[in-house]
Structure formats: C-alpha cells, structure tokens
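Everything numeric in this text was worked out from a predicted model, so none of it was measured.
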There are 2 protein chains.
Amino acid sequence: MNYSYKYPKPSVTVDCVVFGLDDAQKLKILLIQRGISPYEGKWALPGGFIKLDESIEAAAVRELKEETGIDRVFLEQLYTFGEVNRDPRDRIITIAYYALINIGEYTIQARTDARNAEWFSAKELPDLAFDHQKILGVAKQRLKGKLRYQPIGFELLPTKFTLTQLQKLYETVLEQKLDKRNFRNKILKMKLLVDIEEMQAGVSHRPAKLYQFDKNRYKELEQAGFNFEI
Amino acid sequence: MNYSYKYPKPSVTVDCVVFGLDDAQKLKILLIQRGISPYEGKWALPGGFIKLDESIEAAAVRELKEETGIDRVFLEQLYTFGEVNRDPRDRIITIAYYALINIGEYTIQARTDARNAEWFSAKELPDLAFDHQKILGVAKQRLKGKLRYQPIGFELLPTKFTLTQLQKLYETVLEQKLDKRNFRNKILKMKLLVDIEEMQAGVSHRPAKLYQFDKNRYKELEQAGFNFEI
DNA sequence: CTTGCTTAGTGTAAAATTTACACTTTGTCT
DNA sequence: AGACAAAGTGTAAATTTTACACTAAGCAAG
C-alpha cells in the first residue's frame, strides 16, 4: 500500500479485441486464458493495467506484445467500459481497443499473465471473463460498420491477395453474399488495388492474380474528397 | 491522503461537448469558465471526476447537470483521451461525451466549479484549457460523420420544427449547401416526419408547416433493415 | 385594399449508379 | 486427353440521384 491519494480512484486497464481471418476467410478472435485470479482459467481479451508514464494507446500496444507477441498492427480505440461492478475485485474502468492482423504473419505465443493464447472462431466463442462478451459484441459491430466505409479490410489479409480472398472477407464480416462481378468492378474502378503481375501459387486450379492495396493512393484520393465505400 | 493503493493510479474524469443551435441554425458549443486552478478563468468543457459508485455515463450526466443545469439530453460516449501530460496536475485520463440539446429548452446556469457558462459559436471559440480544443475537434468530426447516417439531428431542434430549419441544420453541420426540393423529397419519402397540421407562428412571411420526428417509426424501420441517410 | 416583400412549397427529365445475371478461360490433377 | 475447380469477364434494366424555376401564402406598409 504505497500510493496514497486524497480522493479514491478507479483502476484503469486496456483490453484488446484482436481480429484475424483463417484460411477460409472466416473471422477469428484472439483470446488468452487467464493464469491468475479472478476468473483464473477463463478465456478473456488480452489486456492489463495502464502505467502512469505511458499513453493509453501505448499501454494497448505493450499489453498486446506482452501477452500475445503481436506487434505493429492496425489498432484503434473502440469504447470505454466502466459499469460499477464489471470487475469483482474493485472499480475498474477499461478502455477497449480493436486490432486487425494478418494471421499468417504471426505465431501466437502466450506470455506473462496468460496461461495460453488461442484463436477462436467468432461464431464459437467460449464463456468469457468480466464483461468481455459485451466488449466483443461492440467490436464486431464496429468492424462491420467501418469495413464498408474505410479501407481497413486489407489489414486482415496478406499484403498480396486475390480478389476472391478480399470478397470472402467482406462476405464474412458483413454477413452477406456479394456478387462477384459487381464486387470486382466496384473495387477495381477505385484504382486502389495494384495488379502486381504475380499469380497465386499452390492451388490445384486456375490461379488468381495477386493485388496489393495502394495506401498512398488512398490518402491522395481521400484528400481530394473521395469516399471509400463497398 | 486517505486512499492508499498498492499500485499508482491515474485519475479519471469525464468531459462533455454540448452542441446546440442558435436561431439561425448555427452550431453552438457550451463552455464553462473555470473557477478553480489549473487554468482558472479559462474556458473549458464541462466535466469532472468520476465517483467510484457511479458509471461513467452517470458521471457525465451528473457533471452536466451540476455545471450547467442541463438534464435529460442525448448523450453519447465520444472518445477517451489519455496522453501522459494532458493535465499539468497529474496523470488524468478523460472520457469524453458529446451531447445534443435543443437550446430553447434550457436556460444555462453556471454552478459548482464553474464561474460562468456560455454558448460559443463553433466558428469563434476562445482558447480552451487542457486538450479541450482537440476533444472538440473530434466531437465536431463525429457529429458531422454521424448526422448523415443516424437521425440525431432532431435532438438539436425543438420537437416541432419546419423543414427549412431541418435543412439549415444539415447545411450547418455538414458544411455544404443542399438542394431544397431534393432534401424535402428525400426526408419526406422516409415517412419519419409527421405533419402535425400546425403552422409556424410569429414570422412576417408565409408560415411553414410544422413536423415532428417519429422515433417509434424509426425504430420499427431500423429493425426491418432500413438505413437512414441524408 | 392593393402592392411588394419574403419564405414556403412543388415535379420532372437527364445522368449516374446499382443491380441482376451466365458463360468462357486457365491451370492442375489423374 | 479429359475432368475438375475456381478465375475472369460485360451488358441491359432498374433505381437513385441530380439539376433546376416558378407559383402560393401570409404579412407589412402605404
């Protein structure tokens, strides 16, 4: 008991909802199995306490790295949850972030407070600790809402991807079928994808062209008033 | 120094960006003049420390009431700001909210820590305390972004309003001129406004019809998959 | 009570965008 | 060589969006 204040203070944590896609372009969420009380053994979102000399986002980045090994990803603040009894220990307010990662780039490894770290299908989640189920719901909603109007889907794919992969990703997250020709026409007309003149390898059928997302071009167009929309 | 903890904790506050419209449908923001240090005498967003037995939103509601007298309004979480040095006293994280109110319904009154409370034009703001300028910028962006896709504009108008008032509100916030006929056709086709068969009074020209927003109808349509968009 | 002023209120045609839809091509595997 | 699997491609119809200008109604002033 070394830190004293004139007024009582809540504790503040960050939690991260990490989204990824599996090989079939299905949505996955990275959870850790808690190694300590409370909810020891339960699955939860990676996260932890904020240090006084780091910004909130820095804390999110640090916790992600510490608990899962993930580094340098798309990370954006989601929402702050602060119901009085959301944590049995104490009054704890948590600032939730969501991250989009290309699963292929990482080998997940559990560290620090986490007993284990694992990808779960967004459709078959285990019981979660605290109010993490609720946080996850908000994150899924946000992802769904944002995907149509911001070019963030590419964060979930490898840098080189096929149009079919991209379409499947949209279909998964938006939970609706899209027309192949219309989808291709629309996305190509934006001139945001560059045909890198390479072909998909290792498939036992006609290989697809590979494309890359041109972020700089997007920034330019955005400046000029362009609105991305699928 | 009565509260002791094993680990250091940041303080947590809430701040509210309160939007209103003046008679000419120009955007206004409610600020308070700080009566206490730091930044004594400077203008700032209404807000204050969270108590341990209230949720974050409850704190925002309470502070709004305490500092400005405002009660029962549209209030939504905006973003959480937590740069390490955003407050000179200490490490303070603030959870920002934004509120939309019908100016006509309230007489603003300064209370508690506020020396004064006043409406400022969104275009001519004084220097603000802390990082409140930044918070305000984020709030304006959010309002602008949300107005087109959610029927929240009505919160800024009296319950009975004319189509011209509504259009002016959109023009102000979106910062673009809209076509009168197209605007009317679009909004009326949604069947979200009810013609209450009353006329505007006290104007020295042809009086306009008054309408009300039908919130229940909106909820129904939303359920059925309808997407509001101006 | 007539005239002028100010804002309310109204419809349509052209342009642009979105939708629906099916067959050919290409590479691999046997 | 043939079968298989996914890649790749264009158009016509429907819908939505845009641009645009005059008449109507009430009030005020003479």
Self-check item: B:Arg184 side-chain N/O to C:dG9 phosphate OP1/OP2 under 4.0 Å
Solution: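 Checking C:dG9 against B:Arg184, a side-chain N or O does come within under 4.0 Å of OP1 or OP2.
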Quiz item: Toward the 5' end of DNA chain D, which comes first, A:Asp179 or A:Pro207, by nearest nucleotide?
Solution: A:Pro207
Practice problem: Identify which nucleotide among D:dA7, D:dC20, D:dG26 has an atom closest to any side-chain atom of B:Asn182, counting heavy atoms from C-beta outward. | Solution: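 Among the listed nucleotides, the one closest to the side chain of B:Asn182 is D:dC20.
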Quiz item: Which nucleotide sits closest to the side chain of A:Ala208: C:dG27, C:dA20, D:dG8?
Solution: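 My answer, after comparing the listed nucleotides, is D:dG8.
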Sidechain N-carboxylate O distance under 4.0 Å for [X], [Y]:
{"X": "A:Glu76", "Y": "A:Lys146", "value": "yes"}
{"X": "A:Lys28", "Y": "A:Glu124", "value": "no"}
{"X": "A:Lys215", "Y": "A:Glu155", "value": "yes"}

When the distance from [atom1] of [X] to [atom2] of [N] is rounded to whole Å, what number comes out?
{"X": "A:Lys180", "N": "D:dT11", "atom1": "NZ", "atom2": "C1'", "value": "17 Å"}
{"X": "B:Met190", "N": "D:dT16", "atom1": "CE", "atom2": "C1'", "value": "13 Å"}
{"X": "A:Leu163", "N": "D:dA6", "atom1": "CG", "atom2": "P", "value": "16 Å"}
{"X": "A:His205", "N": "D:dA3", "atom1": "NE2", "atom2": "C1'", "value": "15 Å"}
{"X": "A:Asp195", "N": "D:dA7", "atom1": "CG", "atom2": "C1'", "value": "13 Å"}
{"X": "A:Glu197", "N": "D:dA7", "atom1": "CD", "atom2": "C1'", "value": "17 Å"}
{"X": "B:Glu229", "N": "C:dT18", "atom1": "CD", "atom2": "C1'", "value": "14 Å"}
{"X": "B:Gln167", "N": "C:dA8", "atom1": "CD", "atom2": "P", "value": "9 Å"}

Quiz item: Base, sugar-phosphate, or nothing: which does A:Thr164 touch, judged by heavy atoms less than 4.0 Å apart?
Solution: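 If one applies the 4.0 Å heavy-atom cut-off, A:Thr164 turns out to touch the sugar-phosphate alone, with no base involved.
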Quiz item: So, B:Phe228 versus B:Tyr149, ring centres under 6.0 angstrom or not?
Solution: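 Ring centroids of B:Phe228 and B:Tyr149 are no less than 6.0 Å from each other.
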Quiz item: Would you say the side chains of B:Arg86 and A:Ser55 form a donor-acceptor pair under 3.5 Å?
Solution: no
Quiz item: Of B:Lys209 and A:Lys189, whose closest DNA chain C nucleotide lies nearer the 5' terminus?
Solution: B:Lys209
Self-check item: Comparing A:Ser204 and A:Lys186 on DNA chain C - which has the more 5′ nearest nucleotide
Solution: A:Lys186
Quiz prompt | Any donor-acceptor N/O pair under 3.5 Å between D:dA25 base and B:Arg206 side chain | solution = no
Quiz item: Can you find an N or O donor on one side and an acceptor on the other, under 3.5 Å apart, linking the side chain of B:Arg181 with the base of D:dA21?
Solution: yes
Quiz item: Sub-3.5 Å donor-acceptor pair from the side chain of B:Thr68 to the main-chain atoms of B:Ile70, do we have one?
Solution: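 Yes, B:Thr68 side chain to B:Ile70 backbone: donor-acceptor pair under 3.5 Å.
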Quiz item: How large an angle, rounded to 10°, do the end axes of the helix from C:dC1-D:dG30 to C:dT30-D:dA1 enclose when each is built from five base pairs?
Solution: 10°
Please tabulate, one pair per line, all N/O donor-acceptor pairs under 3.5 Å involving side-chain atoms of residues 136-144 of chain B, not counting sequence neighbours.
from: B:Lys140; atom 1: NZ; to: B:Ala122; atom 2: O; distance (Å): 3.3
from: B:Arg142; atom 1: NH1; to: B:Gln77; atom 2: O; distance (Å): 3.4
from: B:Arg142; atom 1: NH2; to: B:Leu78; atom 2: O; distance (Å): 2.5
from: B:Lys144; atom 1: NZ; to: B:Glu175; atom 2: OE1; distance (Å): 3.1

